[in-house]
Amino acid sequence: MWITNGMQADWCCLLANTSEGPVHSNKSLIMVPLDAPGVTRQKIEKIGMHSSDTAQLFFDDVRVPQRNLIGQEGAGFMFQMLQFQEERLYGAASSLQSLDNLIDQTIEYTRQRHTFGQPLLNNQVVHFRLAELRTEVEALRALTYRAVESYVAGKDVTKLASMAKLKAGRLSREVADACLQYWGGMGFTADNPISQAYRDSRLISIGGGADEIMLGIICKLEGTLPGKKR
Ligand SMILES: Cc1cc2nc3c(=O)[nH]c(=O)nc-3n(C[C@H](O)[C@H](O)[C@H](O)COP(=O)(O)OP(=O)(O)OC[C@H]3O[C@@H](n4cnc5c(N)ncnc54)[C@H](O)[C@@H]3O)c2cc1C
């Protein structure tokens, strides 16, 4: 379920259980051509991200050659965990310019929109809030750059990548919500960049591991996660 671009993809990288046994070592990554007999797809209707389809894929006795196995059998979970670090860094990095754009567009809109004889932007609550949000974006940029620098240097960035992904999700919601407010009724209409960001950016706190999963990883690495009860 939830496969990004699954309706149009030619191939998928499938994480499948290939044996019995412990959940961390019974999975393998397999390349599956999506025109193989037995594969069907169904589109999922979403509240946002309309330029990228999301699909539910069904596999009914699908067979692929053994050479489609990626790496070693049973190593799929480990590969997937490694891939997540890149996906989470990408999630944080790709949000930066969008956040700056939203703030820029809101400055522009509130500068030309006049209420009570002056530009909306002249209200201190508006320009102060936008300055505060810009500061938060710069802080996210610094965290993301630090995480990417460590990653490029070959270090384990699990904690920094989780922090960056968490912060990107939360800040994207905050910026989209605050900016939409200053667009007033226009912000609540469907066809403008602010309302699109409000819908689309909601995904960042869910996809690629929800905020709470990021918090769990950070706590585990902080040594504050209680052990499992036996
Ligand atoms: C548009 C879209 C595209 C996606 N694309 C892909 C894709 O291409 N490939 C792919 O593999 N997946 C994809 N996903 C799946 C995505 O990664 C999951 O939806 C996400 O990880 C959350 O899992 P879930 O939906 O099963 O939520 P659940 O596990 O049902 O969790 C629901 C909510 O409960 C809370 N929660 C969960 N666990 C905990 C916890 N331990 N402690 C406290 N709270 C918790 C969180 O708030 C979470 O949002 C996509 C999802 C969407 C919506």
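Positions are given from 1, in the same order as the sequence printed here. Just follow the structure's listing: the first ligand is 1, and inside any ligand the first atom is 1.
- Residues forming a side-chain contact (heavy atoms from CB on, under 4.5 Å) with Q112 (at least two apart in sequence, or on another chain): Y109.
- At a threshold of 4.5 Å between non-hydrogen side-chain atoms, the residues Q80 and L29 count as touching.
- Nearest heavy atoms, S201 versus S172: OG-O, 3.6 Å.
- Judged by distance alone, the side chain of R41 and the main-chain N or O of G6 form a donor-acceptor pair under 3.5 Å.
- Among pairs with a residue in residues 87-105, those fulfilling salt bridge (Lys or Arg N to Asp or Glu O under 4.0 Å) read D100-R134, D100-R141, D104-R134, at least two apart in sequence or across chains.
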Check: every ligand 1 N/O to protein N/O pair under 3.5 Å:
{"from": "ligand 1", "atom 1": "5 (N)", "to": "W2", "atom 2": "O", "distance (Å)": "2.7"}
{"from": "ligand 1", "atom 1": "5 (N)", "to": "T4", "atom 2": "OG1", "distance (Å)": "2.7"}
{"from": "ligand 1", "atom 1": "8 (O)", "to": "W2", "atom 2": "O", "distance (Å)": "3.4"}
{"from": "ligand 1", "atom 1": "8 (O)", "to": "T4", "atom 2": "N", "distance (Å)": "2.9"}
{"from": "ligand 1", "atom 1": "8 (O)", "to": "T4", "atom 2": "OG1", "distance (Å)": "3.2"}
{"from": "ligand 1", "atom 1": "14 (N)", "to": "W2", "atom 2": "O", "distance (Å)": "3.3"}
{"from": "ligand 1", "atom 1": "17 (O)", "to": "G208", "atom 2": "N", "distance (Å)": "3.4"}
{"from": "ligand 1", "atom 1": "47 (O)", "to": "E212", "atom 2": "OE1", "distance (Å)": "2.7"}
{"from": "ligand 1", "atom 1": "47 (O)", "to": "E212", "atom 2": "OE2", "distance (Å)": "3.2"}

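- Residue L57 is found in a hydrophobic cluster whose other members, listed by chain and number, are I3, L14, I30, V32, L34, V39, F59, V62, V64, L69; membership requires side-chain heavy atoms under 4.5 Å apart, directly or through intermediates.
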